[in-house]
Amino acid sequence: MKRFIPETRAVNVVKRFTCDELAELLTAYLEDALDQPSRDGMRAHLSCCEGCGRYFEQFRATIKVLGDQPPEKLSAPVRDRLMSAFRERHRHHS
Amino acid sequence: MGSFEGGGLPPDDVVVTALRAGDEAMFAALLDTWSRGMLRVARSYVSTDHSAEEVVQDTWLAVVDGIDGFEGRASIKTWVFRILVNTAKKRGVRESRTLPWSAFEQDGGPFRDFGAARGGQADLAAAWPTPEGEALAAEVRALIAEALGRLPPRQRVVITLRDVEGCTSDEVCEILEISAANQRVLLHRARTAVRGWLADYYESVKQPE
Ligand SMILES: [Zn+2]
């Protein structure tokens with residue numbers, strides 16, 4: 001959840017993060033779960049710290065390859081058994 | 001009902017009505033859309049592929065038996081996956097596999113080993129190669145599968161649902177009945193660990209310049 005901070009206080013407030021703090025917040029950042037000053041602070045740090053920029057790229061690359069797992073399937077006998085169970089049930093109930 | 005290939009599933013009320021009416025095409029579409037994710041989730045709790053498939057089978061049988069009692073408080077997908085998680089947990093206990101599911105502090109707490117997980121700034125000079133070659137891509141896929149198996153179960157389930165299967169964070173919170181903050185911590189720890197293993201792998205295959 002985003003925190004809503006009164007306009008007057010949010011203006012020009014940018015949180016500063018160390019490299020380790022930034023790495024710890026990457027998922028929150030990607031989930032859009034940070035308040036505005038923190039998000040601005042992340043962006044500011046990422047744009048000027050090469051190491052963190054690369055770490056962030058690797059983090060996103062990791063998420064991407066996780067989504068690239070080969071599809072799995074139920075074996076044909078199990079799928080057939082389930083289809084028959086479904087058919088059977090409807091026959092008995094209707 | 002036509003085929004759902006390529007497109008998403010219809011809205012829940014359509015799905016539920018069709019299942020109750022005995023629409024086989026709809027049941028087949030659900031089987032083919034959700035079973036792969038269900039197999040992966042089941043594998044986080046049980047020890048063999050065979051067990052995982054039985055868990056998925058038992059889950060679908062429970063769905064078939066229980067669809068008339070489905071009240072629509074959660075989405076149908078959440079409902080099916082909750083039955084799956086409960087079935088898989090019970091089976092996992094029966095297999096007397098240790099389930100650190102209750103030891104939340106252990107994999108949900110703050111980072112202690114941060115520097116190690118991160119690999120240190122100095123190692124970050126080289127960008128990762130793009131896995132464009134099919135051989136490298138296949139190796140990376142195998143490594144990811146192995147990496148998932150090394151994660152603590154809670155982290156494994158969350159990262160599987162989110163990053164492998166593409167569930168939303170809301171869906172994962174509902175399926176596992178955890179808070180958004182817990183979901184995020186588990187996901188982040190899992191991603192950090194997998195990134196670390198991938199980094200080691202890329203380091204090991206790096207061509208000398
Ligand atoms: Zn930095």
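Proteins get letters first, then strands, A, B, ... in listed order; numbering begins at 1 in each.
- For B/Arg20, the part sitting under 4.5 Å from any heavy atom of chain A is the backbone (N, CA, C, O) and nothing else.
- In terms of heavy atoms, A/Thr27 sits closest to B/Arg191 at OG1-NH1, 3.3 Å.
- Put simply, of B/Ala21, B/Gly37, B/Ala181, the one with the most heavy-atom pairs under 4.5 Å next to chain A is B/Ala21.
- The two residues B/Arg184 and A/Ala28 have their closest heavy-atom pair at CD-CA, 3.5 Å.
- In terms of non-hydrogen atom pairs under 4.5 Å with chain A, the most contact-rich of B/Arg162, B/Glu54, B/Met38, B/Gln57 is B/Gln57.
- For A/Leu30, the part lying near chain B is the side chain, with the backbone staying farther off; criterion is any non-hydrogen pair under 4.5 Å.
- The structure places OG of A/Ser75 at 9.0 Å from CG of B/Leu39, a figure rounded to the nearest 0.5 Å.
- In terms of heavy-atom pairs under 4.5 angstrom with chain B, the leader among A/Leu25, A/Leu26, A/Leu82 is A/Leu82.
- With chain A as partner, the option from B/Ile159, B/Leu187, B/Val64, B/Val63 having the largest number of non-hydrogen pairs under 4.5 angstrom is B/Val64.
- The two atoms that bring A/Arg89 and B/Asp65 nearest to each other are NE-CA, 4.2 Å, heavy atoms only.
- Taking A/Asp68 as the reference, B/Arg141 meet the side chain to side chain donor-acceptor pair (under 3.5 Å) condition, with sequence neighbours excluded.
- Both the backbone and the side chain of B/Leu61 come within contact range of chain A, each with at least one heavy atom under 4.5 Å from a heavy atom of that chain.
- The shortest distance between side-chain heavy atoms of B/Trp60 and A/Arg79 does not fall below 4.5 Å.
- For chain B, the nearby part of A/Glu31 is the side chain; its heavy atoms alone come within less than 4.5 Å.
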Pair B/Leu31-A/Met83, side chain to side chain contact (heavy atoms under 4.5 Å, CB included): steps then yes or no: CA-CA 9 Å; B/Leu31 272 187; A/Met83 288 307 297; 3.8 Å; yes

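- Contact annotation: the side chain of A/Phe86 approaches that of B/Leu19 to within less than 4.5 Å [non-hydrogen atoms, C-beta and beyond].
- A/Gln58 is not listed as a side-chain neighbour of B/Leu198, based on a closest heavy-atom distance of 4.5 Å or more.
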How far apart are the C-alpha atoms of B/Arg36 and A/Leu74, what are their side-chain angles, what is the distance that settles it, and do they pass the side chain to side chain contact (heavy atoms under 4.5 Å, CB included) test? CA-CA 7 Å; B/Arg36 57 185 211 133; A/Leu74 282 178; over 6 Å; no

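- Looking at B/Leu148 and A/Leu66, their side chains come closer than 4.5 Å, going by heavy atoms from C-beta outward.
- In terms of heavy-atom pairs under 4.5 angstrom with chain A, the leader among B/Ser169, B/Ala52, B/Ala28 is B/Ala28.
- Across all their heavy atoms, A/Tyr55 and B/Thr192 have their closest contact at OH-CG2, 3.9 Å.
- Electrostatic pairing of A/Glu24 and B/Arg189 does not count as a salt bridge here, judged by no charged N lying under 4.0 Å from a carboxylate O.
- Per-residue counts of heavy-atom pairs under 4.5 Å with chain A were compared for B/Val194, B/Thr160, B/Asp32; the largest is that of B/Asp32.
- Between B/Arg43 and A/Glu72, some side-chain heavy-atom pair lies under the 4.5 Å cut-off.
- Side-chain contact check for B/Glu24 versus A/His90: every heavy-atom pair is 4.5 Å or farther apart.
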